[in-house]
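Residue numbers count from 1 along this sequence.
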Amino acid sequence: MHNPFSNHDFHLKSPWEQPFKKVVTPFQSFLHHQMTTGAILILMTLLALFLANSDAYAEAYKHFFHTYFGFSFGETNVKLTLHHWINDALMAIFFFLVGLEIKREILVGELSDPKNAILPIGAAVGGMVFPALFYVYFTYGTEAVNGWGIPMATDIAFAISALVILGKRVPPALVTFLVALAIVDDLGAVTVIALFYTAEINTTALLIAFALFGVLIAMNRAGVYRVLPYVVIGVLMWSAMLSSGVHATIAGILTALAIPTRPKFNPRFFSAHIDDLVARYKKTDQSHPNYQLCEQQEGLLTQMESSVKQVQPPSIRLENSLHLPVGILIIPIFALANAGVAINWSEMGTIVMEPVASGVISGLVLGKLIGVFGVAWLMIKLGIARLPSGASMNQLFGTAFLAGIGFTMSIFIAELAWTNPGMMLVEAKTGILVASLMAAIIGLVWLRFIAKPAPDYKPE
C-alpha cells in the first residue's frame, strides 16, 4: 500500500504556509504595523469618547483610570494612579520603540544618506517651529502659553496610515519622506519633553539615572548582546528618572540608544554558514515522514535559527518584536486613557474659539502646512533638496496636511504642559481631535481628487 508520506516531494498545501512564499522587507512590515495601529487607535479613541460622554459610564471611566496601585520593595514605595502607570511606564516602552526607530533611520534608513535626509529633516524642523509660533500667537501673555509644544507633533501611525491607504496613487518615495519626517518629528518632541516639560529636578536621582545610562553604554562597548541585562538596567534607570523630575519615558529613549546595532554573527560569512548547514541537512536521513525530524535535523535547524538571530542586531530584533504589541496594546490603551474628552456639543463652538484650542487647531492645520510644505518648497526651489522620486509638488502639499495629524504625542505633551490644567487640558484635547480630523480629511481629499503624481511616475 502506498504511503503518501514516503514521497519526499510531498508538500502540505495549508493556508498558513502561504506567508513563507512572500518575502516582506522590514520597511513593508513597518508600514503594515503602522496601518494596524492606526485602525485600532481610531476604535479606541471612539470608545474613549463614548465612555467619557456616556451618562451611564462617564464617572466609572474617570475613576477607573484614577485608581491608585503600586508596590513596595524595602524602603522603596511606588504608588501611582493607573493613568500615571500608562503615561509613565507603558509609554516608556513606546518611547523605547521610538528610540530604536530613530536609531535605525539614522544608521541605515532614509536619514543615513544626507542627500535623502535633508528634505524630511528641513520639513520636520519647519513643521515643529511654525505650529509652536501659531500656538504662542493665540496664547501669548497667558498661562496657556506653556502648551506651545502640543501642536509640534505628528502622529506617525495615523499620518502614514492615511497616506498608505491611497495605494498606488502615491509614489513610495513620498511615503518614505513622511516616515522620515515623522521620525525626526518624534526626535524633536522627545527633546522638547526632556528640556521643557519637566518638574522640579532631583539632582541625586538624575545623577543615578545618568550613571545607569553609563552602565548601558559600557555594556554595549563590552560586547554584551543579550537583551535581558539592558532591560534590567533600563527599568532601574526608569525608576531613577521617575524620581528625578525629568519625565520617566526619557529612560526608554536612552535605553534604546544603548542597544547594540551590530550583529554578533558577521553577515559576510552568514550565507556560507547557512549554505553549509543546508547542505548537511540535505545529507541527513530523510526517510521519515515529512512532519517528523530526526535528531540530526533538529540540531541543524536549531543552529540555523540561532544563526539567523545572531546575524540580526539586537536593536532590529527588538524593534521587529515590539511593533505589534506597542501598536495593538500600548498606544490604544494610552488613547483609551487619555482621549476621553467630555464634549458639550452646545458649547463646542465656544471651546474651539478659546485660545488653547484655537492655538492647537491653527498650529496643527496651518502651522504644519506652512512649516512642512513651505520649508520643503523653499529647499527644492533653492536646489538644496529634491522632490521625492515620482512625486509632484501638489502631492507634497497634500502630504503636509497629513503631517498635521498630531494625536498620540500631542495628547502626551498636553498631559505634561500644565501643573493645574483645569479647562485648558479639555480645550487642548478637543483642539487636537478637531485639528487631526481636519488635517486627515483635507489631506486625503487633496491627494485623492486633486493632486497628481509626477508625469514620469509609473506605478508598479
Side-chain angles (χ1 to χ4, degrees), residues 27 31 98 101-137 148-149 151-156 159-160 162-164 166 169-192 362-406 409 435 439-440 442-444 446-447 450-457:
F27 186 72
L31 293 182
V98 168
E101 290 173 349
I102 291 171
K103 195 173 183 179
R104 171 180 50 79
E105 281 294 315
I106 292 173
L107 293 175
V108 296
E110 188 73 5
L111 301 178
S112 63
D113 184 348
K115 293 181 180 179
N116 294 330
I118 191 168
L119 184 65
I121 289 175
V125 171
M128 289 185 282
V129 172
F130 281 90
L133 292 176
F134 268 83
Y135 182 89
V136 170
Y137 172 79
W148 58 268
M152 292 175 65
T154 294
D155 190 288
I156 189 169
I160 292 172
L163 194 58
V164 170
L166 292 168
R169 294 183 181 88
V170 175
L174 195 61
V175 179
T176 306
F177 163 79
L178 184 58
V179 170
L181 182 148
I183 293 291
V184 176
D185 192 283
D186 280 344
L187 180 59
V190 169
T191 305
V192 167
S362 63
L364 284 172
V365 178
L366 296 177
K368 280 288 184 182
L369 175 66
I370 295 171
V372 172
F373 178 74
V375 172
W377 178 86
L378 186 62
M379 293 174 71
I380 292 168
K381 291 300 180 182
L382 292 176
I384 299 173
R386 58 177 181 268
L387 266 170
S389 178
S392 64
M393 198 67 79
N394 243 333
Q395 287 184 317
L396 194 63
F397 184 80
T399 303
F401 273 112
L402 296 184
I405 304 175
M409 200 70 83
I442 296 172
L444 284 172
W446 185 276
L447 290 167
I450 300 174
K452 303 295 181 184
D456 60 343
Y457 171 62

Of the non-hydrogen atoms in [X] and [Y], which two are nearest, and what is the gap between them?
X	Y	answer
P131	G126	CD-O, 3.8 Å
I405	A439	N-CB, 4.0 Å
M393	F373	O-CE1, 3.5 Å
L178	A159	CD2-O, 3.6 Å
A123	L181	CB-CD1, 3.7 Å
L174	L163	O-CD2, 3.9 Å

Separation of [Y] [atom2] from [X] [atom1] (nearest 0.5 Å):
X	Y	atom1	atom2	answer
I183	I121	CD1	CD1	12.0 Å
I118	L111	CD1	CG	12.0 Å
I160	L402	CD1	CG	10.5 Å
L387	F177	CG	CZ	9.0 Å
F401	L366	CZ	CG	7.5 Å

For the residue pair [X] and [Y], establish whether any side-chain heavy-atom pair is separated by less than 4.5 Å.
X	Y	result
I442	L369	no
K452	N394	no
M128	V192	no
L119	P388	yes

Take R386 and K115 through the side chain to side chain contact (heavy atoms under 4.5 Å, CB included) test and state the conclusion after the steps.
-> CA-CA 9 Å; R386 58 177 181 268; K115 293 181 180 179; 4.2 Å; yes
Can you list the steps and then say if V375 with V125 is a side chain to side chain contact (heavy atoms under 4.5 Å, CB included)?
-> CA-CA 9 Å; V375 172; V125 171; over 6 Å; no
The complete set of ring-ring contact (aromatic ring centres under 6.0 Å, His included) pairs with one or both residues in residues 101-132, sequence neighbours excluded, reads none
Give a yes or no answer on whether the side chain of K103 reaches the backbone of V98 with a donor-acceptor pair at less than 3.5 Å.
-> no
Please state whether the rings of W446 and F397 are parallel, tilted or perpendicular, taking 30° and 60° as the class boundaries.
-> tilted
What do the steps show when you test L447 against R169 for side chain to side chain contact (heavy atoms under 4.5 Å, CB included), and what is the final call?
-> CA-CA 8 Å; L447 290 167; R169 294 183 181 88; over 6 Å; no
Please check if any side-chain donor atom of T154 sits under 3.5 Å from a side-chain acceptor atom of K368, or the reverse.
-> yes
